[in-house]
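Just below is one structure, and these are the notes that go with it.
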Amino acid sequence: MEFISVPQSKVHLISLGCARNRVDSEVMLGTLLGKGWGVTDESDEADAIVINTCGFIQSAKEESIDKILEAAEIKKKNPNTKLVVTGCLPQRYKNQLAQGLPEVDMFIGTDEFPKIAEFLKSTEDGELEKRVHTKRSNYLYNQYIPRINTLTKHSAYVKVAEGCQHNCSFCIIPAIRGPLRSRSIESVVVEVQELVAKGVVEINLIAQDLAAFGREIDQDLLLPLLKKLCQIDGLKWIRLLYMYPENINDEFLDFFAQEDKLVKYLDVPVQHANDRILRSMNRDISRKELRDIFAKVRERIPGIAIRTSVMVGYPGETEEEFLQLVDFISEVKFDHLGCFSYSQEEGTVAGRLPDQIDEETKLRRLHAVMSLQQGISSERLKSYIGQIHKVLVKGLSDETDLLWEGRLSTQAPEVDGIVYLNDGKLQAGQIQDVLITESHDYDLVGRVVSPE
């Protein structure tokens with residue numbers, strides 16, 4: 001795609017929430033740059049400030065509103081700056097936001113954001129009254145839509161589907177994002193080939209549930225997709241993010257175990273480990289089945305890193321049920337774990353349940369889980385000391401110019417720890433052999449070793 005060489009206007013884009021949201025932000029950047037816009041890291045220099053919001057839980061909504069209000073203060077100093085709010089929040093609360101935030105020039109939902117350049121052009125033509133763009137179109141990303149990769153030059157997210165087919169009682173995502181819509185295998189393969197041609201060596205596949213890819217048309221397409229991707233020359237690592245446990249089968253594990261390009265890492269959300277709560281959450285799985293699945297995965301794929309997410313404070317969660325979750329975490333010993341407090345969301349089944357848990361109890365339980373996981377992670381990382389592992393080298397550390405940083409194949413971008421590199425011949429964008437010399441609670445330290 002050719003960009004206009006002298007941008008007439010500049011955009012400052014803030015992307016909040018998950019990796020799926022990040023891909024949407026990258027589409028907006030690609031669209032705007034293709035229409036002659038430039039990008040600036042300085043919000044007070046921007047002709048348009050775009051905030052791509054998350055509306056999943058209360059804390060995410062609060063963060064989004066805070067960012068909007070901060071941008072509104074900048075707009076007061078620069079009245080000609082356009083303030084645009086996109087993503088999940090306006091899709092969910094378009095009327096409330098339009099009435100409560102008159103300083104926002106435009107709201108764009110989860111289906112119409114690829115038209116952002118067109119919408120901004122309309123405001124230049126004096127049509128500021130057209131503020132809300134949240135029509136449902138069953139938007140589906142494809143390889144032809146312009147996009148700017150913002151992760152690193154050598155690593156990228158690839159979103160293979162939109163929406164979700166599950167109906168978890170606590171989750172508002174299907175209402176915001178719509179039903180599951182899977183891309184074609186060809187579309188994903190072409191996009192990955194183009195990314196690899198630009199220097200990407202690691203692809204992180206994302207969807208609300210990767211294992212559901214193709215199931216809205218009664219087909220299991222994940223394995224055929226992976227077989228195609230593994231044939232792409234130059235692609236070194238393929239990472240699978242967000243796979244519901246009940247959809248992990250033997251055929252998948254057989255291929256996963258034997259294919260070197262599939263990094264030995266799975267992100268498998270469980271949410272809880274008490275059978276009553278799992279049923280109330282409308283999760284089609286039991287504690288025993290979860291235990292059996294993780295045991296099978298580790299037996300079939302030695303050394304695999306498993307990440308999960310759990311929830312505390314679900315309505316009616318007793319202390320005994322919470323302790324069953326704690327025991328399960330202690331037993332399985334996940335390599336990486338994220339924990340969040342249940343958020344009572346209007347429009348969800350769980351939001352109407354009785355026995356909502358008070359915030360103090362939620363916070364206490366969250367801290368207990370994360371303290372437990374910190375100890376588990378610390379002990380696991382100690383076992384890496386003295387071993388040589390493959391590390392994808394990113395470049396200079398974000399923390400200090402005195403160190404470089406990278407990631408093991410068992411560390412996903414943004415959500416897991418990193419490897420600090422303090423010695424050796426370092427090459428950004430390369431997968432290098434690193435001797436691990438130190439470990440901390442979530443991060444490692446090492447030096448690059450030259451091959452003999």
Side-chain angles (χ1 to χ4, degrees), residues 7 9-94 96-98 100-120 123 131-134 139 141 145-152 155-157 159 173 176-177 204 206 340 398 413-415:
S9 303
K10 292 182 179 180
V11 60
H12 177 73
L13 194 148
I14 300 169
S15 188
L16 305 174
C18 64
R20 297 177 293 279
N21 231 30
R22 186 188 187 117
V23 171
D24 295 345
S25 296
E26 292 174 346
V27 167
M28 286 188 279
L29 283 178
T31 300
L32 288 167
L33 265 65
K35 295 296 184 180
W37 286 72
V39 178
T40 178
D41 291 331
E42 303 298 328
S43 56
D44 55 359
E45 296 179 359
D47 298 284
I49 300 174
V50 178
I51 303 173
N52 194 14
T53 62
C54 177
F56 178 47
I57 57 177
Q58 184 62 31
S59 59
K61 292 185 286 186
E62 290 172 357
E63 180 187 21
S64 295
I65 294 297
D66 287 344
K67 292 294 183 183
I68 294 169
L69 295 178
E70 288 174 12
E73 289 300 312
I74 296 171
K75 183 177 171 64
K76 285 181 181 179
K77 301 174 186 176
N78 304 291
N80 291 329
T81 300
K82 299 293 185 295
L83 177 52
V84 182
V85 175
T86 68
C88 293
L89 208 62
Q91 189 67 49
R92 187 176 179 187
Y93 297 111
K94 57 184 177 183
Q96 298 94 316
L97 292 176
L101 294 169
E103 56 267 65
V104 176
D105 294 291
M106 193 182 309
F107 298 95
I108 307 175
T110 55
D111 280 10
E112 295 201 278
F113 66 87
K115 301 178 183 177
I116 186 170
E118 172 187 332
F119 293 148
L120 280 170
T123 68
R131 297 179 64 214
V132 179
H133 304 276
T134 56
Y139 159 81
Y141 173 70
I145 295 176
R147 172 190 165 198
I148 302 299
N149 177 28
T150 62
L151 194 53
T152 68
S155 183
Y157 293 113
K159 183 159 57 168
I173 293 299
I176 297 175
R177 292 280 180 172
N204 301 278
I206 56 174
F340 60 99
D398 295 332
E414 303 186 290
V415 294

Closest contact, heavy atoms only, [X] versus [Y]:
X    : Y    : value
K10  : T40  : CB-CG2, 4.0 Å
K76  : E73  : NZ-OE2, 3.1 Å
G87  : N52  : CA-OD1, 3.3 Å
L32  : L120 : CD2-CD1, 3.8 Å
D47  : S9   : OD2-CA, 3.3 Å
G109 : T134 : N-CG2, 3.8 Å

Atom pair [atom1]/[atom2] of [X] and [Y] - distance to nearest 0.5 Å:
X    : Y    : atom1 : atom2 : answer
L89  : I68  : CG    : CD1   : 5.5 Å
S43  : K75  : OG    : NZ    : 13.0 Å
T31  : I148 : OG1   : CD1   : 9.0 Å
W37  : M28  : CH2   : CE    : 13.0 Å
I14  : E63  : CD1   : CD    : 10.0 Å
I173 : C18  : CD1   : SG    : 7.0 Å

Item to check | CA sep, side-chain torsions, deciding dist, call: I65, T53, side-chain contact (heavy atoms from CB on, under 4.5 Å) | outcome: CA-CA 9 Å; I65 294 297; T53 62; over 6 Å; no
Checklist entry - Among pairs that include at least one residue of residues 17-28, which meet salt bridge (charged side-chain N to carboxylate O under 4.0 Å, His left out), considering only residues two or more places apart or in two chains? => result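 The answer is R22-E26, R22-E414, D24-K159, D24-R177, E26-R147.
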Item to check | Carboxylate-amine/guanidinium proximity below 4.0 Å for E118 and K115 | outcome: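 So E118 does not pair with K115 through a salt bridge.
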Item to check | Evaluation steps, side-chain contact (heavy atoms from CB on, under 4.5 Å), between V85 and L101 | outcome: CA-CA 10 Å; V85 175; L101 294 169; 5.8 Å; no
Next on the checklist: The criterion is ring pair (Phe, Tyr, Trp, His ring centres under 6.0 Å); which residues satisfy it with Y139, sequence neighbours excluded?
Outcome noted: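 If we apply the ring pair (Phe, Tyr, Trp, His ring centres under 6.0 Å) test to Y139, skipping adjacent residues, the hits are F113.
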Item to check | Any donor-acceptor pair under 3.5 Å from E103 side chain to A72 backbone | outcome: no
Checklist entry - Just by distance, do the side chain of N78 and the backbone of N80 share a donor-acceptor pair under 3.5 Å? => result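 A pair under 3.5 Å: no.
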Next on the checklist: Assess the residue pair K82 and M106 against the criterion (side-chain contact (heavy atoms from CB on, under 4.5 Å)); give the C-alpha distance rounded to whole Å, side-chain angles, the decisive distance to 0.1 Å, and a yes or no.
Outcome noted: CA-CA 8 Å; K82 299 293 185 295; M106 193 182 309; over 6 Å; no
Checklist entry - Is P146 close to L33 at the side-chain level, that is, under 4.5 Å between some pair of heavy atoms? => result no
Checklist entry - With distance as the sole criterion, is a donor-acceptor pair present between the side chains of S25 and S15 under 3.5 Å? => result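 Yes, a side-chain donor-acceptor pair sits under 3.5 Å.
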Checklist entry - Hey, mind stepping through I74 and T81 against side-chain contact (heavy atoms from CB on, under 4.5 Å) and telling me if it holds? => result CA-CA 8 Å; I74 296 171; T81 300; 5.5 Å; no
